[in-house]
Amino acid sequence: MAKVVVVGEGMLELSSDGPGWRLAYGGDTLNTAIHLARFGHEVAFATALGTDSFSDGLRLAWQGEGIDISLVLTDPDRLPGLYAIRTDAEGERSFTYWRSESAARQMFALPEAGRFAAAADRADLLLFSLISVAILPHGSREMLHDLCRRTNAGGGRVAFDGNYRPRLWRNANEAIAERDAAIALSDIGLPTLEDELALSGPSTAEAVSARWRGLGARETVVKLGAEGCMINGHIVPPASRLNPIDTSGAGDAFNAGYLHARLGDAHPADAARCGHDLAAWTLMRRGAVPAPDADAPYLR
């Protein structure tokens, strides 16, 4: 199994459960990290939490999922971010966030942040997203870029997910510049067509694939939702069409299935099918990272 470092923000999650709310946790790269750990990889999550009881609970929960929490740093003055999620009758979700002062935003400024570089030196894979970049102040973004370079220098690969959340950016031009800088540092690009349309305007999957590969991500997988994905210009459809219960975390699950298979040297098309399989299992259960059951792909 591979050594994986995942950089990002893990937050408290409130989800609508009838007349009340259920408290759990989530976050784009955290969701992928948990899936990869369930597949058996050695996964360290690089982030920061506070000293409060909610932060303590998150550390214990992530550790229980098999995540190495040695890179979960502590900010004594901040708390974890929080988001609330609602799903409509078609399983589509909407989010409300409280994350502007979260501990994760200051992870690279904390005294123990040197641990990140040492872990990146040994990593077979480093994963981050455009959300990972967005939450960081400008000076810390270059530190994240340095982790990418260190992973490559050590013989590992870098994967980047282009998750775009407009509210995290001052404007689209800033987001585009940061996205392009991240793509240039990546071996595996994981854009979503919907995000690319929102960020760069009218485009096609073929154009997105060409743009990302032209910027440096030689292996580019454009996620197309129910249509499947495009890998370097070729469509790989899912096994079947579903009526989702909850679309939360489906793209994160796809990332995990795809990366797990590629870490095992599977052909990209076969890796895409592994990603579709895990995403489909997730779509038919509630929550961004459903609890494993007898049908979970990790057990096959």
J.: Taking NZ, NE, NH1 and NH2 as the nitrogens, is one of them in Glu206 or Arg211 under 4.0 Å from a carboxylate oxygen of the other?
T.: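 The answer is no: the pair does not qualify as a salt bridge.
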J.: Name the orientation class of the two ring planes belonging to Trp281 and His35 (parallel below 30°, tilted from 30 to 60°, perpendicular beyond 60°).
T.: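 Judged by the thresholds at 30° and 60°, the geometry between Trp281 and His35 is perpendicular.
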J.: Could you tell me if Asp52 and Ser55 have a donor-acceptor pair between their side chains, going purely by distance under 3.5 Å?
T.: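 Short answer, yes.
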J.: Should the heavy atoms of other residues, nucleotides or ligands under 6.0 Å from CZ of Arg286 be counted, would the total exceed 12?
T.: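 No, because the 6.0 Å sphere around CZ of Arg286 holds 12 heavy atoms or fewer from other groups.
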J.: Quick check against the 3.5 Å criterion: does Arg78 have a side-chain atom that pairs as donor or acceptor with the backbone of Gly50?
T.: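 No.
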J.: Donor-acceptor pair, distance only, cut-off 3.5 Å: does the side chain of Asp75 make one with the backbone of Leu79?
T.: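 No, the answer is negative, given that no donor and acceptor are paired below the 3.5 Å cut-off.
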J.: Is the shortest heavy-atom distance from the side chain of Leu197 to the side chain of Glu194 under 4.5 Å?
T.: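 When only atoms from C-beta onward are counted, Glu194 and Leu197 do not touch, as no gap falls below 4.5 Å.
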J.: Checking Asp187 against Asn152 for the side-chain hydrogen bond (donor to acceptor under 3.5 Å, both in side chains) test, could you report, in this order, the C-alpha distance in whole Å, the side-chain angles of both residues, the deciding distance, and whether it holds?
T.: CA-CA 9 Å; Asp187 303 289; Asn152 280 153; 2.9 Å; yes
J.: Would you call the rings of Phe128 and Phe160 parallel, tilted or perpendicular if under 30° counts as parallel and over 60° as perpendicular?
T.: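 Rings of Phe128 and Phe160: tilted, 30 to 60°.
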J.: Using the rule given for side chain to side chain contact (heavy atoms under 4.5 Å, CB included), can you reason through Thr74 versus Thr51, listing the C-alpha separation, both sets of side-chain angles and the distance that settles it, and then say yes or no?
T.: CA-CA 7 Å; Thr74 300; Thr51 58; 3.5 Å; yes
J.: Is a donor on one side and an acceptor on the other found under 3.5 Å between the side chain of Arg115 and the backbone of Ala46?
T.: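 Not a single qualifying donor-acceptor pair exists.
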J.: Fit a plane to each ring of His276 and Phe254, take the angle between them on a 0 to 90° scale, and name the class: parallel (under 30°), tilted (30 to 60°) or perpendicular (over 60°).
T.: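 Ring orientation, 0 to 90° scale: tilted.
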J.: Would the distance check show the side chain of Arg141 and the main-chain N or O of Val133 forming a donor-acceptor pair, the cut-off being under 3.5 Å?
T.: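 Pair found, side chain donor or acceptor close to backbone of Val133.
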J.: Any ion pair linking Lys223 and Asp161 (charged N to carboxylate O, less than 4.0 Å)?
T.: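 Judged by the 4.0 Å cut-off on N to carboxylate O distance, Asp161 and Lys223 do form a salt bridge.
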J.: Drop me the distance from Tyr258's OH to Asp270's CG, to the nearest 0.5 angstrom.
T.: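 Answer rounded to 0.5 Å: 10.0 Å.
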J.: When you check the gap from the basic side-chain N to the acidic O, do Arg285 and Asp295 get nearer than 4.0 Å?
T.: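 The answer is yes: the pair qualifies as a salt bridge.
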J.: List the atom of Thr220, the atom of Ser209, and the distance in Å for their closest heavy-atom pair.
T.: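 It is CG2-CA, 4.1 Å.
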J.: Could you give the distance from CG (Leu283) to OG1 (Thr247), rounded to the nearest 0.5 Å?
T.: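 Leu283 CG to Thr247 OG1: 7.0 Å, rounded to 0.5 Å.
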J.: Ignoring hydrogens and angles, state whether a donor on the side chain of Trp169 or Glu178 is under 3.5 Å from an acceptor on the partner side chain.
T.: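 On atom types as modelled, these side chains do not qualify, holding no pair under 3.5 Å.
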J.: Heavy-atom distance under 4.5 Å between the side chains of Tyr298 and Leu278, does that happen here?
T.: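 Yes, close enough: below the 4.5 Å cut-off.
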J.: Closest approach of Asp28 and Ser129, non-hydrogen atoms and distance?
T.: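 Closest heavy-atom pair between Asp28 and Ser129: OD2-OG, 2.6 Å.
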J.: For the side chain of Asp124 and the backbone of Val4, is there at least one donor-acceptor N/O pair under 3.5 Å apart?
T.: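 A pair under 3.5 Å: no.
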J.: Could you tell me whether the side chain of Arg38 and the main chain of Glu65 form a donor-acceptor pair under 3.5 Å?
T.: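 Judged by distance alone, no pair lies under 3.5 Å.
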J.: Whether the side chain of His41 engages the backbone of Val43 through a donor-acceptor N/O pair (distance < 3.5 Å, no angle test) should be reported.
T.: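 No, the answer is negative, given that no donor and acceptor are paired below the 3.5 Å cut-off.
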J.: Under the salt bridge (charged side-chain N to carboxylate O under 4.0 Å, His left out) rule, what do Arg241 and Glu227 come out as? Steps first, then yes or no, please.
T.: CA-CA 8 Å; Arg241 283 186 173 272; Glu227 301 302 317; 2.3 Å; yes
J.: Is any side-chain heavy atom of Val7 closer than 4.5 Å to a side-chain heavy atom of Leu126?
T.: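 When only atoms from C-beta onward are counted, Leu126 and Val7 do touch, with a gap below 4.5 Å.
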J.: How far apart are the closest heavy atoms of Leu168 and Ala134, and which atoms are they?
T.: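 Minimum heavy-atom separation between Leu168 and Ala134: CB-CB, 3.7 Å.
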J.: Could you check whether Arg165 pairs with Glu9 (Lys NZ or Arg NE/NH1/NH2 to Asp/Glu carboxylate O, under 4.0 Å)?
T.: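 No, no charged N to carboxylate O under 4.0 Å.
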J.: Does Gly287 offer a backbone N or O that forms a donor-acceptor pair with the side chain of Ser248 under 3.5 Å?
T.: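 A pair under 3.5 Å: no.
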J.: Measure the CG-CZ distance between Leu125 and Arg262 for me, rounded to the nearest 0.5 Å.
T.: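 Going from CG on Leu125 over to CZ on Arg262, the span is 11.0 Å.
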J.: Evaluate the side-chain proximity of Thr29 to Phe45: yes if any heavy-atom separation is below 4.5 Å, no if none is.
T.: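 Answer yes - side chains close enough.
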J.: Keeping the roles fixed (side chain from Thr151, backbone from Arg157), state whether a donor-acceptor pair exists under 3.5 Å.
T.: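 No, the answer is negative, given that no donor and acceptor are paired below the 3.5 Å cut-off.
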J.: With side chains defined as the heavy atoms from C-beta onward, is the minimum distance between Val6 and Leu30 less than 4.5 Å?
T.: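 Side chain of Val6 against side chain of Leu30, heavy atoms only: no contact under 4.5 Å found.
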